> 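Here it is: the structure, laid out below.
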There are 2 protein chains.
Amino acid sequence: MKTSIIKKMREKGLKLTPQRLAIIEVLVDKTHLHPGASLIYREAMKKVGSLSLSTVYSTLNEFSRHGIIKMLEFDKMENRYEGNIMEHINLVCKGCNKIMDYKVPVSIDLKEVAKKARFWVTDTRLEYHGYCQECKGK
Amino acid sequence: MKTSIIKKMREKGLKLTPQRLAIIEVLVDKTHLHPGASLIYREAMKKVGSLSLSTVYSTLNEFSRHGIIKMLEFDKMENRYEGNIMEHINLVCKGCNKIMDYKVPVSIDLKEVAKKARFWVTDTRLEYHGYCQECKGK
DNA sequence: TTTGTAATTAAGAATCATTCCAGTTTACAA
DNA sequence: TTGTAAACTGGAATGATTCTTAATTACAAA
Ligand SMILES: [Mn+2]
Ligand SMILES: [Mn+2]
Ligand SMILES: [Zn+2]
Ligand SMILES: [Zn+2]
């Protein structure tokens with residue numbers, strides 16, 4: 001996954017800096033956690049001496065704008081990021097803010113959306129909110 | 001829709017105030033716009049003399065907490081609200097921030113999610129982001 | 001109808017994730 | 001090696017949302 005991200009960066013003409021490399025590594029290592037900017041900042045900081053939070057934010061924005069990673073936007077909670085850009089449902093626990101992947105059994109044809117609703121889809125956001133096993137029993 | 005919202009409020013033991021009535025009316029009238037708090041505030045203000053933005057926020061939070069309305073959370077954009085709580089996909093235009101409804105052709109069985117992923121879904125958030133007819137041609 | 005009180009509202013201050021800014025450094029193509 | 005656009009930095013600014021505290025009010029019970 002790390003290699004494919006770097007490859008995509010090259011394709012898009014994005015420069016590879018030590019800061020970006022560290023951010024990518026955290027994103028890959030912790031992708032199952034769907035980490036937020038502050039965790040990514042803390043972890044990447046351990047890898048590269050010099051890094052500012054502004055850089056983390058602008059890098060994550062840049063990457064998600066290019067479709068290299070996916071930004072999951074929230075209101076009550078820090079935004080979260082993931083390297084897995086395959087279409088899937090994110091299960092978001094309201095108790096502990098954990099986010100888990102759920103394989104989509106069916107997929108809607110985006111061409112049909114364009115035809116029927118006159119809307120051209122660039123990315124999808126599928127979330128189920130609720131409670132995980134641990135949080136279910138209060 | 002207005003009647004059913006008020007009925008649900010009664011069921012939940014929520015009091016019906018002039019402020020809440022105005023907010024509900026705006027929510028019903030403008031539901032297709034998926035209005036944000038500031039629009040709801042402006043429009044509801046026209047109906048009742050006295051209304052504060054704090055009240056709008058706390059009311060919308062209260063209602064969505066009770067599942068009476070649905071809050072659509074964004075990061076770059078004001079949160080939006082809708083009275084239509086039936087499961088459907090929201091088409092969010094990245095050009096003009098318009099939000100349109102799209103009827104879901106298929107629905108995933110939530111019991112299967114509980115069984116397979118050990119996750120209990122309370123609400124769903126299905127969005128397609130992209131461009132509407134007007135914004136497509138830049 | 002009147003009363004008691006828990007719920008609701010108001011106004012402004014506080015929060016905090018995120019963006020902006022302006023100056024400095026750096027990756028990498030030539 | 002050099003030139004330059006891109007990236008980085010740290011601090012200030014932003015802005016939607018929440019918090020706080022005191023005043024007001026809906027409505028159940030008397
Ligand atoms: Mn995921
Ligand atoms: Mn909708
Ligand atoms: Zn949980
Ligand atoms: Zn549009």
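Numbers restart at 1 for each chain; the letters A, B, ... are given by sequence-line order, proteins then strands. Just so it is clear, the model here is predicted, and its values are computed rather than measured.
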> Does a side-chain N or O of B:Asn61 approach OP1 or OP2 of D:dT18 to a distance below 4.0 Å, or not?
yes
> Does D:dG10 have OP1 or OP2 under 4.0 Å away from a side-chain N or O of A:Ser54?
no
> Parallel, tilted or perpendicular: which fits the ring planes of A:His129 and A:Phe74, with parallel below 30° and perpendicular above 60°?
perpendicular
> Would one find a side-chain N or O of B:Thr17 under 4.0 angstrom from OP1 or OP2 of C:dT8?
no
> More 5' along DNA chain C: B:Asp75 or B:Glu62, using each one's nearest nucleotide?
B:Glu62
> Quick check with a 6.0 Å cut-off and a 45 degree axis cone: is B:Arg118 positioned over the face of A:Tyr102's six-membered ring?
no
> Is it the case that the side chains of A:Asn90 and A:Glu82 hold a donor-acceptor pair, with the cut-off being a distance below 3.5 Å and no angle test?
yes
> Touch check for A:Ser58, heavy atoms < 4.0 angstrom, all strands: base, sugar-phosphate only, or nothing?
nothing
> Could you check whether A:Ser38 gets within reach of a base, just the sugar-phosphate, or nothing at all, counting any heavy atom under 4.0 Å?
nothing
> Are OP1 or OP2 of D:dT18 and a side-chain N or O of B:Tyr57 less than 4.0 angstrom apart?
no
> For C:dT26, take OP1 and OP2 only and decide whether either is under 4.0 Å from a side-chain N or O of A:Gln19.
no
> Taking OP1 and OP2 of C:dG12, is either one under 4.0 Å from a side-chain nitrogen or oxygen of B:Ser52?
no
